[in-house]
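One structure below.
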Number of protein chains: 2
Amino acid sequence: MTDEEFLAEYDPRSYDPIAVTVDVVALTIRDGVLHVLLIRRANPPFAGSWALPGGFVRAVEGEEGLREAAARELAEETGLTAGALGRVHLEQLGTYGAPGRDPRMRVISVAYLAFGPDLPDPRAGSDAAEAVWAPVDALGLTSTASQAPGTTRRLAFDHAGILADGLERARAKLEYTPLATAFLGEVFTIPELRAVYESVWGEPLHAGNFHRKVLSVPGFVEGTGDTTATGGRRGGPRARLYRAGDARLLHPALLRPGSEDDLRQETP
Amino acid sequence: MTDEEFLAEYDPRSYDPIAVTVDVVALTIRDGVLHVLLIRRANPPFAGSWALPGGFVRAVEGEEGLREAAARELAEETGLTAGALGRVHLEQLGTYGAPGRDPRMRVISVAYLAFGPDLPDPRAGSDAAEAVWAPVDALGLTSTASQAPGTTRRLAFDHAGILADGLERARAKLEYTPLATAFLGEVFTIPELRAVYESVWGEPLHAGNFHRKVLSVPGFVEGTGDTTATGGRRGGPRARLYRAGDARLLHPALLRPGSEDDLRQETP
DNA sequence: GGAATAGTGTCTGTAAGACATTATTAG
DNA sequence: CTAATAATGTCTTACAGACACTATTCC
């Protein structure tokens, strides 16, 4: 039997169907606080609940790849054009396919992680009643940080777990890649870059040491000759301006402080 | 409309079907050489070609999760029982869904990466004409290493790319996790551990510095009181025996030497 | 002037890498 | 004995983190 004969006989509908979706964990920083893009679901299941933006992957639909589908979902909810999307970092996060995670049928969800500079207020896409940038700290899943009970927005499906995985990936990626610059505009100052690290890692960094370290990593940033027009909001000299360099990995890396714990012990 | 009403109306077959497969990049070390598990396909498409072991995910099939499906595929091709599988490390590698990657239909493939100690010779599973442990160097995709042309076994589908991603992931994981121990038995010597690193990274390491460094990382290995029964094959004292410690991350990490290059430059 | 901030200098402990050295075993 | 190897010691350089300090700007 040749491949051609086989294909002629092959019936794709001979098995129970499985649906594939693409979900996006889109992160940005607004006013120094890390935000994630959430939509309020318009339709069942979980109608009215908050969820990550996403949608089904159609088999045909212009023969669209998974990454393209994720970019499209992101664009639909943010109103970003292809040009503005060029400055957004988008990478695959993982695939979630536990049985029962969607009550309708077996659904395999490919999650993507996006970092972008401060983006415009979202507009609700087709399947959403509402779309907002939500501060991640208010979702009650950043480590052990306690918060007022009752304010937690529970996310639909297993999206809380996906978001937690995305946050951990983002925190780790800042250590050994220059992706922190993806949260900023084309030019930025070292203190602005430090603010990104502090927002994502959730802890303050030593300004002087951070400054010296960033400049010591080859290819992380390259100086434009300019400085900011004014000093800091509450005083201080004008800061020099930089743009992202050509490094794809930071060497040496900027390791998170304090994480000496929780890298021991097996899961019980 | 409540969730229940919606579910009653919902027709999963109203869209073009998409198939989901699970493929496994299973790595082991035999005689100091890194090997990958390959099968020779018995059926079209790509009948007769070598490919990664894998199979379709059925919607029902005992409500099996993706990871469980990968473990089952691995067990089928290696003859491993659940007990022996317990010592195998298995993690999700990535998901591949480019249109046209399978000529039959739209197929989304979730790839898993497995590390195991020297495993028995495989037996062909249901869909395979043959199954072997193949040295990865003979597949002509380890970086720029040249080899005699014509000896390359071309892999089916996009499996060469998946394998390349798996190898890079494996090399990176050895840097900051203790997973090298997954390639060894329960007890091992430091020189055996060094041989794992040399096999996966493909370059020799300095014996003395490696030894001191491994012992300096908290939780990487813990000594049993014992030593090997005899010295090295060509002389030398008996080596002390260790087993894996309780660390989940290596701190500080064991960085690959020489990779000062290729971390610059954008993709052109 | 006072306070806040950008950027640099200094010091200390730790770690990586190159190399040397000792001790133990196979042949 | 000789060669090979396990394990430890020494030295140099580099870097992380703590801290001090200067210069510049806002209010």
Side-chain angles (χ1 to χ4, degrees), chain A residues 32 174-176 184 187-198 201 203-218 220-242 249-260, chain B residues 32 174-176 184 187-198 201 203-242 247 249-260:
Chain A
L174 291 206
E175 291 192 311
Y176 59 94
L184 297 169
V187 297
F188 50 84
T189 68
I190 304 284
E192 286 170 351
L193 185 63
R194 175 165 49 85
V196 171
Y197 277 88
E198 291 174 333
W201 286 351
E203 49 191 336
L205 299 177
H206 188 288
N209 289 339
F210 180 87
H211 193 107
R212 176 165 34 79
K213 178 149 196 173
V214 165
L215 295 183
S216 79
V217 177
F220 192 176
V221 298
E222 60 183 23
T224 75
D226 290 334
T227 68
T228 53
T230 79
R233 188 176 305 189
R234 284 175 289 186
R238 300 176 181 186
R240 286 200 267 264
L241 290 171
Y242 298 85
L249 292 173
L250 301 185
H251 195 80
L254 281 86
L255 298 181
R256 274 176 281 186
S259 59
E260 298 283 326
Chain B
L174 290 206
E175 291 192 310
Y176 59 94
L184 297 170
V187 297
F188 51 84
T189 68
I190 304 284
E192 285 169 351
L193 186 63
R194 176 166 49 86
V196 171
Y197 276 88
E198 290 174 334
W201 286 351
E203 49 191 336
L205 299 176
H206 187 287
N209 288 340
F210 181 87
H211 192 106
R212 177 167 34 78
K213 178 150 196 170
V214 166
L215 295 184
S216 79
V217 177
F220 192 178
V221 298
E222 61 183 22
T224 76
D226 290 334
T227 68
T228 52
T230 77
R233 188 176 304 189
R234 284 176 288 187
R238 301 175 181 186
R240 286 200 266 264
L241 290 171
Y242 297 85
L249 291 173
L250 301 185
H251 195 80
L254 282 86
L255 298 181
R256 274 175 280 185
S259 59
E260 299 282 326

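Chain identifiers are assigned alphabetically (A, B, ...) following the order of the sequence lines, protein sequences preceding nucleic acid strands; residue numbering begins at 1 within each chain.
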Name each donor-acceptor pair under 3.5 Å that joins a side chain in residues 207-218 of chain A to protein atoms two or more places apart or in another chain, with its distance.
{"unit_1": "A:Asn209", "atom_1": "OD1", "unit_2": "A:Arg212", "atom_2": "NH2", "d": "2.6"}
{"unit_1": "A:Lys213", "atom_1": "NZ", "unit_2": "A:Ala253", "atom_2": "O", "d": "3.2"}
{"unit_1": "A:Ser216", "atom_1": "OG", "unit_2": "A:Lys213", "atom_2": "O", "d": "2.8"}

Nucleotide interval of DNA chain C bounded by contacts with chain A (heavy-atom cut-off, under 4.0 Å): C:dA4 to C:dT10

Would you be so kind as to tabulate the donor-acceptor pairs closer than 3.5 Å made by side chains of residues 187-194 of chain B, with sequence neighbours excluded?
{"unit_1": "B:Thr189", "atom_1": "OG1", "unit_2": "B:Glu192", "atom_2": "N", "d": "3.1"}
{"unit_1": "B:Glu192", "atom_1": "OE1", "unit_2": "B:Thr189", "atom_2": "N", "d": "3.0"}

Can you name the residues that form a side chain to side chain contact (heavy atoms under 4.5 Å, CB included) with A:Arg238, not counting sequence neighbours? A:Thr227, A:Thr228

Rounded interatomic separation in angstrom, taking [atom1] from [X] and [atom2] from [N]:
X	N	atom1	atom2	result
B:Leu241	D:dA6	CG	P	12 Å
B:Ile190	D:dA6	CD1	P	11 Å
B:Leu205	D:dT5	CG	C1'	16 Å
B:Glu192	D:dT5	CD	C1'	14 Å

Does B:Arg240 put a side-chain nitrogen or oxygen below 4.0 Å from OP1 or OP2 of D:dT8? yes

Set out, in order, the CA-CA distance, both residues' side-chain angles and the distance that settles side chain to side chain contact (heavy atoms under 4.5 Å, CB included) for A:Thr224 and A:Tyr242, then state yes or no. CA-CA 5 Å; A:Thr224 75; A:Tyr242 298 85; 5.8 Å; no

Would you check, one step at a time, whether the test side chain to side chain contact (heavy atoms under 4.5 Å, CB included) holds for A:Trp201 with A:Glu175? CA-CA 10 Å; A:Trp201 286 351; A:Glu175 291 192 311; 3.6 Å; yes

For side chain to side chain contact (heavy atoms under 4.5 Å, CB included), just list the numbers for B:Leu254 and B:Tyr176, CA-CA rounded to whole Å, side-chain angles, deciding distance to a tenth of an Å, and then say yes or no. CA-CA 6 Å; B:Leu254 282 86; B:Tyr176 59 94; over 6 Å; no

Kindly give the atom pairs (protein nitrogen or oxygen, nucleotide nitrogen or oxygen) under 3.5 Å for nucleotides 23-27 of chain D.
{"unit_1": "D:dT24", "atom_1": "O2", "unit_2": "A:Pro237", "atom_2": "N", "d": "3.2"}
{"unit_1": "D:dT25", "atom_1": "O4'", "unit_2": "A:Gly236", "atom_2": "O", "d": "3.0"}
{"unit_1": "D:dT25", "atom_1": "O2", "unit_2": "A:Gly236", "atom_2": "N", "d": "2.8"}
{"unit_1": "D:dC26", "atom_1": "O4'", "unit_2": "A:Gly235", "atom_2": "N", "d": "3.3"}
{"unit_1": "D:dC26", "atom_1": "O3'", "unit_2": "A:Arg233", "atom_2": "O", "d": "3.3"}

A side-chain contact here means heavy atoms from C-beta on lying under 4.5 Å apart; do A:Glu203 and A:Glu198 qualify? no

I need a per-nucleotide contact map over nucleotides 10-15 of chain D, read 5' to 3'. Cutoff is protein heavy atoms under 4.0 Å; write B for the base, S for backbone only, - otherwise. B-----

